[in-house]
There are 2 protein chains.
Amino acid sequence: MNFESNISLAVDAIVFAYANSKLQVLLIQPKSGPFQNNWALPGGFVKTNEGLKDAVRRELQEETGIQVDYLEQLYTFGDQVDRDPRTRVVSVAYFALVNPKKLVLKADTDAAKAEWFPLDELPQLAYDHNIIIKVAIDRLKSKIQYQPIGFDLLNKEFVFSELEQLYMTILGHDIDRRNFRKKVLGFGILTETGKFRSEGSGRPAKLYRFNVSKYRALESKGFHFEIK
Amino acid sequence: MNFESNISLAVDAIVFAYANSKLQVLLIQPKSGPFQNNWALPGGFVKTNEGLKDAVRRELQEETGIQVDYLEQLYTFGDQVDRDPRTRVVSVAYFALVNPKKLVLKADTDAAKAEWFPLDELPQLAYDHNIIIKVAIDRLKSKIQYQPIGFDLLNKEFVFSELEQLYMTILGHDIDRRNFRKKVLGFGILTETGKFRSEGSGRPAKLYRFNVSKYRALESKGFHFEIK
DNA sequence: TCATTATTGCGTAATATATACACAAAAGTA
DNA sequence: TACTTTTGTGTATATATTACGCAATAATGA
């Protein structure tokens with residue numbers, strides 16, 4: 001059996017952040033290749049002795065200096081043989097979330113030019129990356145409804161209106177403040193910090209924290225997170 | 001940039017069928033390689049100019065002679081560098097369903113030895129295929145709850161008790177016959193054929209058919225299939 | 001052929017969940 | 001100190017889910 005392959009294996013990362021009531025995607029400016037005028041998802045070829053997830057983490061570090069808060073495999077793009085005009089490349093796309101602190105990109109890495117783009121202002125994208133982003137948005141939209149991953153898009157301590165805004169932005173429909181609060185608090189997975197935050201005018205808001213261990217405990221007892 | 005790769009790309013298929021109130025998985029006996037004494041998932045290396053899904057279909061045809069009724073990408077296994085003791089192999093696993101007619105495997109293809117195994121009687125498996133199957137079961141379990149893929153495991157014309165049994169088997173808990181029927185019929189995605197089936201003793205049962213176009217129409221109007 | 005057994009088909013009441021909706025409290029601002 | 005902004009809270013209604021028993025139809029065997 002011959003193990004030589006003419007297929008190159010790459011990974012790409014779709015990193016989402018949340019700022020200004022908008023979802024943001026992290027893009028880089030390719031230094032080389034056929035798409036130097038376009039922006040692209042961070043990513044690159046997998047090394048022979050490197051796990052896929054490790055490859056994503058490495059590329060993200062190298063190209064953007066970012067360490068993500070949530071990372072999961074999204075989909076492997078390899079049905080279209082000419083995705084990359086140079087050679088056959090199959091790409092395993094990963095889906096990542098970061099909290100707002102990561103929005104300021106450090107320039108002190110050997111990072112390529114990297115920037116955040118709001119979803120509704122995406123530039124021309126390289127390869128099939130617009131399709132990949134679409135798939136990632138779908139995943140985010142559906143997963144945020146049955147897994148508590150939204151908290152990874154917020155600061156550790158957050159205010160109810162932020163959580164609510166986040167869900168409205170991602171799901172694309174209004175949410176009743178009272179019912180939302182009632183439901184989420186009813187889960188018993190948030191801890192009051194006792195602190196308040198006062199942003200401009202208006203009554204100061206209670207700061208909450210997502211309680212991972214409580215969530216895990218409830219989950220193992222059959223609790224099922226769900227927000228529609 | 002150098003495109004040579006030492007990573008081989010494979011596809012594997014987890015094909016489920018439903019028989020004797022049990023889920024069955026399709027396995028093959030490897031002709032070569034380090035696992036000739038074990039059974040393995042059908043699959044093989046992807047050709048340079050072949051889409052991933054095409055590769056799965058080809059391998060399934062070659063190794064088992066089967067054409068599946070439902071096929072979707074499951075997960076790409078590539079975090080463990082030594083999954084295959086011979087060389088680095090990343091495998092894109094696909095998840096497939098077939099109806100009961102396909103349970104009789106044709107011997108007239110150039111198929112390797114292929115057999116159906118009930119999930120609770122799986123033999124020793126090659127590579128990390130037991131893990132892959134576990135992931136596939138999880139997917140089936142969750143997906144059958146929000147997509148009408150269960151019908152792909154039944155004959156075109158089926159009886160309510162079969163559908164109910166299928167769900168009980170996969171979800172692993174009892175279902176109230178009346179509530180189940182009420183709910184599913186309420187969806188409006190089944191068509192009565194007008195025919196009946198009498199299996200042994202007992203009152204003959206109405207034969208139904210899954211109405212794909214009705215489902216699509218409802219879906220586009222916001223209908224959301226869900227069975228817990 | 002008639003009683004028995006097995007399986008299907010069906011409705012209603014009780015409970016739980018989701019939705020709709022308005023006003024007071026706490027801060028900043030003019 | 002009046003006005004604006006934002007947060008925090010409860011109740012009534014509608015909807016969905018669950019629990020539950022009995023008659024109809026066929027095969028089987030005494």
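Chain letters run A, B, ... following the sequence lines, proteins first, then strands; residues in each count from 1. No experiment lies behind these values; they were computed from the predicted model shown. For the numbers below, each heavy atom of this structure counts, side chains included, while hydrogens, waters and symmetry mates do not.
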Q) Taking side chain as C-beta onward, heavy atoms only, is B/L140 less than 4.5 Å from B/I170? A) yes

(Q) Distance check needed: C/dA18 C1' versus A/R178 CZ, whole Å only. (A) 14 Å

(Q) Looking at B/E162 and B/V159, would you say the former's side chain and the latter's main chain have a donor-acceptor pair under 3.5 Å? (A) yes

Q | Residue-level proximity of residues 217-228 of chain B to DNA chain C when a heavy atom falls under 4.0 Å | A | none

Q) Whole-Å distance between C/dT19 C1' and A/D174 CG? A) 14 Å

Q: Inspect the surroundings of CG in B/D120 and state if more than 12 heavy atoms from other residues, nucleotides or ligands are less than 6.0 Å away.
A: yes

Q: To the nearest 0.5 Å, tell me how far A/F180 CZ sits from A/M168 CE.
A: 8.5 Å

Q: Whole angstrom is fine here: how far is it from CG in A/D176 over to P in C/dT17?
A: 18 Å

(Q) Just to be sure I understand the geometry, which residues of residues 181-195 of chain A put a non-hydrogen atom under 4.0 Å away from DNA chain D? (A) A/R181, A/K182

Q: Please say whether more than 12 non-hydrogen atoms of neighbouring residues, nucleotides or ligands are located less than 6.0 Å from CD in A/Q67.
A: no

Q: Compare every heavy atom of B/A126 with every heavy atom of B/N38, then report the nearest pair and how far apart it is.
A: CB-N, 3.8 Å

**Q.** Axis bend over the full length of the helix from C/dT1-D/dA30 to C/dA30-D/dT1, computed from five pairs that close each end, to 10 degrees
**A.** 0°

Q. So B/F151 and B/F225, would you call those rings parallel, tilted or perpendicular, with 30° and 60° as cut-offs?
A. perpendicular

Q) How far apart are the C-alpha atoms of B/F95 and B/V135, what are their side-chain angles, what is the distance that settles it, and do they pass the side-chain contact (heavy atoms from CB on, under 4.5 Å) test? A) CA-CA 10 Å; B/F95 164 87; B/V135 174; over 6 Å; no

Q: Could you walk me through whether A/K113 and A/W39 pass the side-chain contact (heavy atoms from CB on, under 4.5 Å) test, one step at a time?
A: CA-CA 10 Å; A/K113 195 173 154 195; A/W39 290 81; 3.9 Å; yes

**Q.** Start and end of chain B contact along DNA chain D [non-hydrogen atoms, under 4.0 Å]
**A.** D/dT17 to D/dA27

(Q) I need the A/R181 CZ to A/E164 CD distance, nearest 0.5 Å. (A) 8.5 Å

Q. Can you tell me how far P of C/dA27 sits from NZ of A/K206, to the nearest Å?
A. 13 Å

**Q.** Ion pair B/R197/B/E157, N-O distance below 4.0 Å
**A.** no

Q. How long is the line joining CD1 of A/I175 and C1' of C/dC21, in whole Å?
A. 17 Å

Between protein and nucleic acid, restricted to nucleotides 14-16 of chain C and to nitrogen or oxygen atoms under 3.5 Å apart, what atom pairs and distances do you find?
none

(Q) Quick one: does any side-chain atom of B/Y70 pair with a main-chain N or O of B/G150 as donor and acceptor, under 3.5 Å? (A) no

Q: Assess whether one donor atom and one acceptor atom, taken from the side chain of B/R177 and the base of C/dG9, lie less than 3.5 Å apart.
A: yes

Q | Side-chain heavy atoms of A/D152 within contact of A/V68, under 4.5 Å | A | no

Q: Using a strict 4.0 Å threshold on nitrogen-to-oxygen distance, state whether B/D128 and B/R83 make a salt bridge.
A: yes

Q: By nearest nucleotide on DNA chain C, pick out whichever of B/V159 and B/N179 is the more 5' one.
A: B/V159

Q. For the residue pair B/Y18 and B/F16, is the inter-centroid distance of their aromatic rings smaller than 6.0 Å?
A. no

(Q) For a quick test of reading the model, state the closest non-hydrogen atom pair linking A/V11 to A/L52 and the distance between them. (A) CG1-O, 3.9 Å

Q) Within a reach of under 6.0 Å around CD of A/E199, are more than 12 heavy atoms found that belong to other residues, nucleotides or ligands? A) no

Q | Sole residue of B/V184, B/L190, B/T191 in side-chain contact (heavy atoms from CB on, under 4.5 Å) with B/Y208 | A | B/L190

Just the atom pairs and distances: protein N or O near nucleotides 5-7 of chain C's N or O, under 3.5 Å.
unit_1	atom_1	unit_2	atom_2	d
C/dA6	O4'	B/S201	OG	3.3
C/dT7	O2	B/R203	N	3.0

